[in-house]
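What follows is a set of notes on a single structure, which appears directly below.
Throughout, protein chains are lettered first and strands after them, A, B, ... in sequence-line order, and every chain is numbered starting at 1. All values below come from the heavy atoms of this structure, side chains included, with hydrogens, waters and symmetry mates left out.
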2 protein chains.
Amino acid sequence: MDNSQSYREKKVIGIGTVTEITGLSNRKIRYYEMRKLIFPDRTPSGTRKYSFSDIERLMEIAEKIEDGVQTHEIRKDIVKKEKHQMIKGQLNSHFHTNRYS
Amino acid sequence: MDNSQSYREKKVIGIGTVTEITGLSNRKIRYYEMRKLIFPDRTPSGTRKYSFSDIERLMEIAEKIEDGVQTHEIRKDIVKKEKHQMIKGQLNSHFHTNRYS
DNA sequence: CGTGTAAGGAATTCTGACACG
DNA sequence: CGTGTAAGGAATTCTGACACG
């Protein structure tokens, strides 16, 4: 159904290209993943694949780090955002439920 | 100025991923490049990078090949399209020239 | 805590060529 | 003409660890 994952969300970019675009080192990018700030896909053989959206998030993370924010704090913000997303999702399913019940 | 190359046009995808998405073999993809049907970027070390737009074009090429169209013919169509683009571009620069002269 | 680096292995990509047709 | 494949080399990516602070 939701076959049309937009170009922005499709995880198809290797870490080398991400490095080049963001200016961040591979080490940093992998570290932010370890700290659960970013979630690349993996190919069967284990290479990381990022989306343009991931790249945007990496730039935001980099800014915060430069401002002295710790990865732990950054993660909290992400969780908060996701909670909002979840609420939206629940509202949607609520509406759908009502519509058909 | 035109920094905002859209996600669709940015050449950031490796040939392995293109293979996976299109279902075409590396051999085919490289062959279509040799026949000047597709124009990936190259990293400094020589690896090919494709855009989502390239992937779309590859699928179109694959369809035509299956229909028995030869690469030579497919290239003609591409040149024809580019000519139309050029005309559009000339019209644009014509308008701009007028506006400021 | 955040990041650099050397280490060794595994998987990827590249090119030019031989093959079939 | 379009495509598969084996060949050998070069560049990439991966992980776990040591280092500094």
Atom pair distance, as rounded to whole Å: [atom1] in [X] and [atom2] in [N]:
| X | N | atom1 | atom2 | answer |
| --- | --- | --- | --- | --- |
| A:Glu20 | D:dA11 | CD | C1' | 14 Å |
| B:Ile38 | D:dG2 | CD1 | C1' | 17 Å |
| B:Glu33 | C:dT13 | CD | P | 14 Å |
| A:Tyr31 | D:dC20 | OH | C1' | 14 Å |
| A:Lys28 | D:dT13 | NZ | P | 18 Å |

Between B:Arg35 and B:Thr43, who's closer to the 5' end of DNA chain D by nearest nucleotide?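 The residue mapped nearer the 5' terminus is B:Arg35.
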Restricting to salt bridge (Lys or Arg N to Asp or Glu O under 4.0 Å), what partner residues turn up for B:Asp41, sequence neighbours left out?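 Here no residue qualifies.
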Under the salt bridge (Lys or Arg N to Asp or Glu O under 4.0 Å) rule, collect the residues that match up with B:Glu73, sequence neighbours excluded.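 Checked B:Glu73 against salt bridge (Lys or Arg N to Asp or Glu O under 4.0 Å); matches are B:Lys76.
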For residues 23-30 of chain A, please give each side-chain donor-acceptor pair under 3.5 Å, one per line with the distance, not counting sequence neighbours.
from, atom 1, to, atom 2, distance (Å)
A:Ser25, OG, A:Lys28, N, 3.1
A:Asn26, OD1, A:Thr19, OG1, 2.4

If you check the A:Tyr32 side chain, which of C:dG4, C:dT3, D:dG2 turns out closest?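 In terms of side-chain proximity for A:Tyr32, the closest of C:dG4, C:dT3, D:dG2 is C:dT3.
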Does the pair A:Glu9/A:Arg57 count as a salt bridge with the N-to-O cut at 4.0 Å?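 No, A:Glu9 and A:Arg57 are not salt-bridged.
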Looking at B:Lys49 and B:Asp54, is there a salt bridge between them, counting it only when a charged N and a carboxylate O are closer than 4.0 Å?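 Looking at B:Lys49 together with B:Asp54, the answer is no, because their closest N to O distance does not fall below 4.0 Å.
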Report yes or no: does A:Lys11 contribute a side-chain atom to a donor-acceptor pair with the main-chain N or O of A:Phe39 at less than 3.5 Å?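 Pair found, side chain donor or acceptor close to backbone of A:Phe39.
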Would you name the heavy atoms of [X] and [Y] that are closest together and state the gap between them?
| X | Y | value |
| --- | --- | --- |
| A:Leu37 | A:Ile78 | O-CD1, 3.6 Å |
| A:Thr71 | A:Ile65 | CG2-CD1, 3.9 Å |
| A:Pro40 | A:Tyr50 | CB-CE2, 3.5 Å |

Stems where DNA chain C pairs, listed by first number, each of three or more Watson-Crick or G-U pairs under 3.5 Å: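 Correct response: C:2-5 with D:17-20, C:17-20 with D:2-5.
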Under 3.5 Å, which N/O atoms of the protein pair with N/O atoms of nucleotides 14-17 of chain C?
from, atom 1, to, atom 2, distance (Å)
C:dC14, OP1, B:Arg48, N, 2.9
C:dC14, OP1, B:Arg48, NE, 2.9
C:dC14, OP2, B:Arg30, NE, 3.0
C:dC14, OP2, B:Arg30, NH2, 2.6
C:dT15, OP1, B:Arg42, NH1, 2.9
C:dT15, OP1, B:Arg42, NH2, 3.3
C:dT15, OP2, B:Arg48, NH2, 2.3

Any non-hydrogen side-chain atom of A:Gln70 less than 4.5 Å from a side-chain atom of A:Lys64?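 Side chain of A:Gln70 against side chain of A:Lys64, heavy atoms only: no contact under 4.5 Å found.
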Side-chain contact test, heavy atoms from C-beta onward, threshold under 4.5 Å: evaluate it for B:Arg48 versus B:Val18 and give yes or no.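 No. Closest side-chain heavy atoms not under 4.5 Å.
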Close approaches to DNA chain C from residues 59-76 of chain A, in residue order (heavy atom, under 4.0 Å):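 A:Ile65, A:Gln70, A:Thr71 - these, ordered by number, are the residues of the stretch whose heavy atoms sit under 4.0 Å from the strand.
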